Each structure stands twice: as C-alpha cells, then as structure tokens.
Amino acid sequence: AVVSTQSDIVHWEQVFEKFDSNSDGVIDKEELKSLMRICKLNPFEKEFKTLMEKYGTGGNIDKKSFVRLMTDKKKEGWPDPLAELTKAFQSFDKRGTGEIPISQFMDIMKDYGEGMAGGVRELLEEDLRKCDKDHSGTINIKEFVELFARSENNFPGVTRGK
C-alpha cells in the first residue's frame, strides 16, 4: 500500500515513537498488542501471528513497516490509537484544563471497577507518578499517552463494575 501524504507518514512515525516504549527502534509483539488494545482491537492469536509475519521481522516491527501496517489497517477501518487516547483523556479532563489530578484519576479508576486487586492500585499510582515528569501531581495528555502506550500497563486487576 502506498501512503498518500507526507503528513500521514509523519503521523504514523510519531505514533510509532510513542509505542516504542524502550526506544529500541522496533515495536515488539507486546508493544503492538498494547497499541491494539487501545484501538479496541483484539485479534485472535492466529490473526495476530499473520500480522507479525506480514509486517514484522524476527518478532518485531520497525518504523517503516509500522507505517505500512497502520496505513493498510486504517483503510480497513482501524482507529487511530492517539485519537483514541486523546478522547479518553478528554473524558477524564472534566474541567477542560488539559491536566488530570492523579488523585482524581485514581478515584475514577476505583469507581470504574469493582476494585483494584492484588496491588494493582499501587502499581497504577507508581506508574502515574513516573509519568508525572514535572511532579505537578497532575498528568497532561503527553503523560497520559505515555502511561497507556507502555505495554506493561494492562491494568489486569481492574475489573469493570456493573
């Protein structure tokens, strides 16, 4: 597939850089799975394996292949992961200030689920504090994207309430 514009290429390269959590120049299987979860895509293992075989090399996807993957999949209706995260951030940013107090985010997460079992609350708080680079006690959109772009942030102990 051919990328139609230079701005498309630049956009997908920026998305790649956000999801290349360890800055090694490739997105591995877990980083790609994280991106797909954000897009509300949950392919079966067979489909995921097919994606990795088509676009990856040695279990990883480099930037050029990622741009090709996202361009192809966008045509199939895949959502843009940065747009999805921006919408989520805006839903948490009730005052429209561009920042979410960490304590408010934790309250929302607690209300969202029946609970955060097995130390998940502590892990989430620790991750939030790591992402709060300026130690303001709040997270902005850039920090929010970083939090969710990191593949280890699956929040498995948070269960959806009734």
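Every value quoted in this text rests on a predicted model; they were computed, and no experiment measured them.
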Atom pair CZ (F144) and CG (D93), whose distance is rounded to the nearest 0.5 Å
10.0 Å
In Å and rounded to the nearest 0.5 Å, what is the CE to CD1 distance from M52 to I27?
9.5 Å
Please determine whether residues V26 and L51 belong to a single hydrophobic cluster, defined as Ile, Leu, Val, Met, Phe, Trp and Tyr linked transitively by side-chain heavy-atom distances below 4.5 Å.
no
Using side-chain hydrogen bond (donor to acceptor under 3.5 Å, both in side chains) as the criterion, list what pairs up with K64, not counting sequence neighbours.
none
Kindly write out the residues that satisfy side-chain hydrogen bond (donor to acceptor under 3.5 Å, both in side chains) with D62, not counting sequence neighbours, or none if the list is empty.
S65
Rounding to 0.5 Å, atoms CD1 (I61) and CG (L32) come to a distance of 4.5 Å
Do F48 and K29 have side chains that approach each other closer than 4.5 Å (heavy atoms only, starting at C-beta)?
yes
Under the side-chain contact (heavy atoms from CB on, under 4.5 Å) rule, collect the residues that match up with E53, sequence neighbours excluded.
K49
Check D20 against G25 and note the closest heavy-atom contact, atom names and distance.
OD2-N, 2.8 Å
Closest approach of Q104 and F92, non-hydrogen atoms and distance?
NE2-O, 3.0 Å
To the nearest 0.5 angstrom, please state how far the CE atom of M106 sits from the CD1 atom of I102.
9.5 Å
Between the CZ atom in R68 and the NZ atom in K73, the distance rounded to the nearest 0.5 Å is 11.0 Å
Check: D8 side chain, W12 main-chain N or O, donor-acceptor pair, under 3.5 Å
no
Using residues 83-91 as the side-chain source, report each donor-acceptor pair under 3.5 Å to any protein atom, sequence neighbours left out, with the distance given to one decimal.
residue: E84; atom: OE1; partner: K40; partner atom: NZ; Å: 2.7
residue: E84; atom: OE2; partner: K87; partner atom: NZ; Å: 3.3
residue: T86; atom: OG1; partner: L82; partner atom: O; Å: 2.8
residue: S91; atom: OG; partner: A88; partner atom: O; Å: 2.7

Who passes side-chain hydrogen bond (donor to acceptor under 3.5 Å, both in side chains) against S7, sequence neighbours left out?
T5
Between E99 and R95, which heavy-atom pair has the shortest distance, and what is it?
O-NH2, 4.4 Å
Salt bridge (charged side-chain N to carboxylate O under 4.0 Å, His left out) partners of residues 132-145, not counting sequence neighbours, each pair once
K133-E146
